[in-house]
A.B. asks: 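Here it is: the structure, laid out below.
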2 protein chains.
Amino acid sequence: MNLKQLSEILGLSQTTVSRALNGFPEVSEGTRVRVQAAAQKYGYRPNSRAKGLATGRSMVIGHVIPSSSQHEMVNPIFGDFVAGAAKKYAEYGYDMMFTNADDTSIEDAYRSLFQRGAVDGVVLQGPKVNEARIAVLKRMSVPFIVHGRSTGTDTPYDWIDVNNKSSFLRATRFLIDLGHRRIALINGLEEMDFAQRRRAGYLEALEQAGIAADPDLMRSAEMTEVFGHRETHGMLQLDDPPTAILASSMISAIGVRRALDEAGLKMGQDVSVIAHDDDLSYLKNGQDVPIFTATRSSVRQAGEMAAEMLIERIKSPSAPTNTRLLEAELVVGRSTGPVPNRTSK
Amino acid sequence: MNLKQLSEILGLSQTTVSRALNGFPEVSEGTRVRVQAAAQKYGYRPNSRAKGLATGRSMVIGHVIPSSSQHEMVNPIFGDFVAGAAKKYAEYGYDMMFTNADDTSIEDAYRSLFQRGAVDGVVLQGPKVNEARIAVLKRMSVPFIVHGRSTGTDTPYDWIDVNNKSSFLRATRFLIDLGHRRIALINGLEEMDFAQRRRAGYLEALEQAGIAADPDLMRSAEMTEVFGHRETHGMLQLDDPPTAILASSMISAIGVRRALDEAGLKMGQDVSVIAHDDDLSYLKNGQDVPIFTATRSSVRQAGEMAAEMLIERIKSPSAPTNTRLLEAELVVGRSTGPVPNRTSK
DNA sequence: CATCATATCCAAAGCGCTTTGAAACTGAGT
DNA sequence: ACTCAGTTTCAAAGCGCTTTGGATATGATG
């Protein structure tokens, strides 16, 4: 069923039917009702491609999944972020398109998505330091929003981010206040912007407390459970092992916990742990009492906000850039405690 | 840059340029090279909407995210499945579209996606028992594939699924062989088809061994970490607690593990645990030695296969239905062991 | 040199919608 | 009865592509 057929059934022109359906004022209320009823009855839905061709807008927003060729990883926060964004897209009548691209062709994927007219705007996830894609998108003048930021990019752009630095500064300071001196950081991949910022916060807190940073206590890689386990296991073998560990994600924190268990250490007693908690729906940090002391910020909510900001940008492409910095909350759980008495060891 | 402009630059007709770019034989090799070079140079990419309008195909495949209104959950296996599918879509030149829909409007979402001509086919994830959506899609004659199956649906349809029943039967039998009699099942939501099949396998193994099923040992809900913890914690309070636990996902198994730790029980020694492992990239079951004894089946690979089957279906809509049953492998890790000596307790 | 097959290219129609510019119809005002 | 403003409807153009049915050029053939 298409517009032509529907209009013939109704004995009206395509113009009138189209206008009636799209809420234009120059069609009488009577015919509007009649048209809507018929559309309902015959299950008419305007073809989105034709509509897009005619209007020049696709009402689709694009995401690129960087299905990295080296480490075949899908960030688990991806799901929650996307779910949040999708919800808002739906509210505003947008669909959501994904394209897969390996590391080498990721720029091309964005370019293709937009130049083919497949999308009206794109979301850039997981920005690295000196993220090249930002310049690319800027040059193409695609409406876009970055989830995160990119140190080293000086042109302005829309972004939404958690204040990674301040939250890790605060978490580190919290541990220092509990008497810890040997504090480890199990971070994400160093080239990721968020990882840099978290480390900066961590280092600043150490410095303020006059504690020298120990490279042995700073590890970084893709934030998997196995990685958290391996690094913790390794650090426990050190002559002067950490008494506290900061983990950049709940997933790696679970690995940390496993390593501690295996070593017969009690989390929160022998070793304190603070995790960054993205508040994933399937991996809540406990029920009433949080399992981990954590810096918490809902990535799902970030997805919702990102979607709204992007839609706003699409609406007014030349408005001044918009940014949003979210503060993570520090929730105190049972994974932290005062530094154990050294002599008792 | 569009076809018209490009063809004017080249001094050729749109027809010829289009044909040259799409590999038709009736254009000389010389002009083909010339056209391709120009397209490259000016960064010409055919507008996908226009192309879709003209060809009648959108080269897009649709997924619906059931952003359930009650429990705001995003299944973590979602990410890996989608990544697998996306990879194949990309290979075949398809894009991937997502729509968000709450529980009530999910049928409508599928219908809309297809009837608007936005997609050429759809993927149905997480089928329930007596899944209504299958009939809907069938009736609309949309090409589709189901990830999983739906008991109670008798019309044939394409699906790809793990043999949930046999893998849980095997896992249960494995525990029975180790001497366990009190075996608990921490399952997914009962209305989900996979959960039913897993329970059926579990029950069959018990029956074959002459062990009466105990309703107290069978729990089911959304497979979160918190849920695994809560139910395990609860069952440990029973007069006759389980000596072994089957968990329907790695995530809930992590909760199981936490509950055991808290109770001072050693996994694999005091209590055996077997988990179903979807082989998620961020949540590998250990490195060399698996942490959990598990029934393993890569959901990412399932995504790839599903994509290929769907594309095949789109190509030949009236071919006989295609199905694929994957066998999970039983990997033995350190979470299982012989039943502890009762008297020693 | 006329004829025909083949290779190469093209003009124009059509995909299903929106939107412009105009027409037809109303009722009020003079 | 005639004009005018406002309301309601419409025909046709255009969005950027593919594809049909020719047209033209080329070269081989008799």
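Lettering of chains follows the sequences in order, A, B, ..., and the numbering in each one begins at 1.
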A.B. asks: Working to the nearest 0.5 Å, report the span between CG of A/Asp95 and CD1 of A/Ile61.
C.D. replies: 9.5 Å

A.B. asks: Taking 4.0 angstrom as the limit, do B/Lys128 and B/Glu131 come out as a salt bridge?
C.D. replies: no

A.B. asks: Would you kindly give the CG-to-P distance between A/Asn2 and C/dC15, to the nearest whole Å?
C.D. replies: 9 Å

A.B. asks: Which whole-number value in Å describes the distance from A/Met59 CE to C/dG16 P?
C.D. replies: 22 Å

A.B. asks: Would B/Asp158 and B/Thr321 count as having a side-chain donor-acceptor pair, cut-off 3.5 Å?
C.D. replies: no

A.B. asks: Just how far, in rounded Å, is C1' of D/dG14 from CG of B/Leu53?
C.D. replies: 12 Å

A.B. asks: Of B/Ala50 and B/Leu12, whose nearest nucleotide on DNA chain C comes first from the 5' end?
C.D. replies: B/Leu12

A.B. asks: Go through A/Thr151 and A/Asp193 one step at a time and tell me if the side-chain hydrogen bond (donor to acceptor under 3.5 Å, both in side chains) criterion holds.
C.D. replies: CA-CA 7 Å; A/Thr151 321; A/Asp193 195 77; 2.5 Å; yes

A.B. asks: Give me the ring orientation class for B/His63 and B/Tyr89: parallel if the planes are under 30° apart, tilted from 30 to 60°, perpendicular past 60°.
C.D. replies: perpendicular

A.B. asks: Any sub-3.5 Å donor-acceptor pair from B/Thr55's side-chain atoms to B/Lys51's backbone N or O?
C.D. replies: yes

A.B. asks: Just by modelled atom types, is the B/Ser150 backbone N or O under 3.5 Å from a matching donor or acceptor in the B/Tyr157 side chain?
C.D. replies: yes

A.B. asks: Under 3.5 Å, is there a donor-acceptor pair between the side chain of A/Arg32 and the main chain of A/Ala20?
C.D. replies: yes

A.B. asks: In terms of side-chain heavy atoms of B/Ser13, which of C/dC17, D/dG16, C/dC10 is nearest?
C.D. replies: C/dC10

A.B. asks: Between the opening five pairs and the closing five pairs of the helix from C/dC1-D/dG30 to C/dT30-D/dA1, how far apart are the helix axes, to 10°?
C.D. replies: 70°

A.B. asks: I need a per-nucleotide contact map over nucleotides 19-28 of chain D, read 5' to 3'. Cutoff is protein heavy atoms under 4.0 Å; write B for the base, S for backbone only, - otherwise.
C.D. replies: BBB-------

A.B. asks: Residues of residues 28-48 of chain B with any non-hydrogen atom less than 4.0 angstrom from an atom of DNA chain C: list those, numerically ordered, please.
C.D. replies: B/Ser28, B/Thr31

A.B. asks: Examine distances only and state if a side-chain atom of A/Lys138 and a backbone atom of A/Pro156 form a donor-acceptor pair shorter than 3.5 Å.
C.D. replies: yes

A.B. asks: Just the rounded figure in Å: distance from P of C/dT8 to CG of B/Leu10.
C.D. replies: 17 Å

A.B. asks: A/Leu113 and side-chain contact (heavy atoms from CB on, under 4.5 Å): which single residue from A/Asp108, A/Val60, A/Val64 fits?
C.D. replies: A/Val64

A.B. asks: Between A/Phe78 and B/Tyr282, is the ring centroid distance below 6.0 Å?
C.D. replies: no

A.B. asks: Answer yes or no: does a side-chain N or O of A/Lys4 lie under 4.0 Å from OP1 or OP2 of C/dC17?
C.D. replies: no

A.B. asks: Let me know the distance between CG of A/Leu6 and P of C/dC17, rounded to the nearest Å.
C.D. replies: 9 Å

A.B. asks: Take the protein atom CG of B/Leu3 and the nucleotide atom C1' of D/dC17, then report the distance between them rounded to whole Å.
C.D. replies: 6 Å

